[in-house]
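These notes are about the structure you will find just below.
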Amino acid sequence: GTLSRFVLGEIFPSDRSGTLAANLIGVALAAALLVLMERRGVSQLRLLLLPGFCAGFTTFSAVTAHSLEPIEGGMLFLAQNVFLSLIAVIVVLPLARKLIPVRK
């Protein structure tokens, strides 16, 4: 996850936009992986993929650091991250439940 985050940081030159992109992609991926593991009965990989890969990819510690910069709209950046992450989960969970069939 951390190496993927590094690559994403190379794509997004702005630290803030890279942080926001990483968090949104990571939250959406985690939501889809939860449905996949639930539907396929693959709970053994849960710790590796969610707190392992997804936590290494997302950068909520960077969000915290950015939120402490009041001149650059720190609290607005924090609110933006939380709000958009919730929207990502609200969109991805039902979509993943429709697309990923239950294992028979």
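What you see is a predicted model; the values in this text were computed from it and never measured. Computation of the quantities below employed the complete heavy-atom set of this structure, encompassing side-chain atoms and omitting hydrogens, waters and symmetry-equivalent molecules.
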*How close do Cys54 and Gly26 get, heavy atom to heavy atom, and via which atoms?*
SG-O, 4.1 Å
_Count I, L, V, M, F, W, Y as connected when their side-chain heavy atoms are under 4.5 Å apart, and connections chain through other members. Are Val89 and Leu49 then in the same cluster?_
yes
_Gly56 versus Arg5, closest heavy-atom pair with distance_ = O-CB, 4.1 Å
*Flag, side chain of Arg39 to backbone of Ile100, donor-acceptor distance under 3.5 Å*: yes
_Let me confirm one number: the CG-CE distance from Leu68 to Met75, rounded to the nearest 0.5 Å._
8.5 Å
*CG of Leu20 to CG of Asn81: how many Å apart, nearest 0.5 Å?*
5.0 Å
*Working to the nearest 0.5 Å, report the span between OG1 of Thr58 and CG of Asn23.*
5.5 Å
_Distance-minimising heavy-atom pair for Ala96 and Ala32_ = CB-CA, 4.2 Å
*Would a hydrophobic clustering, with Ile, Leu, Val, Met, Phe, Trp and Tyr connected at side-chain separations under 4.5 Å, put Leu3 with Leu8?*
no
*Euclidean distance, Ser85 OG relative to Gln80 CD, rounded to 0.5 Å*: 10.0 Å
*Could you please spell out the steps behind the side-chain contact (heavy atoms from CB on, under 4.5 Å) verdict for Thr19 and Arg16?*
CA-CA 5 Å; Thr19 299; Arg16 284 178 175 250; 5.7 Å; no
*asked:* Using side-chain heavy atoms (C-beta onward) and a distance below 4.5 Å, is Ser67 in contact with Phe77?
replied: no
*Would you say Ile11 and Phe6 are hydrophobically clustered, going by side-chain heavy atoms of ILVMFWY under 4.5 Å?*
no
_Linked, directly or transitively: Val92 and Val27 (ILVMFWY side chains, under 4.5 Å)_ = no
*Passes side-chain contact (heavy atoms from CB on, under 4.5 Å), Glu38 versus Val102? Steps please.*
CA-CA 8 Å; Glu38 169 189 287; Val102 178; over 6 Å; no
*Do Leu29 and Leu34 sit in the same hydrophobic cluster, where Ile, Leu, Val, Met, Phe, Trp and Tyr count as joined when their side-chain heavy atoms come under 4.5 Å apart?*
yes
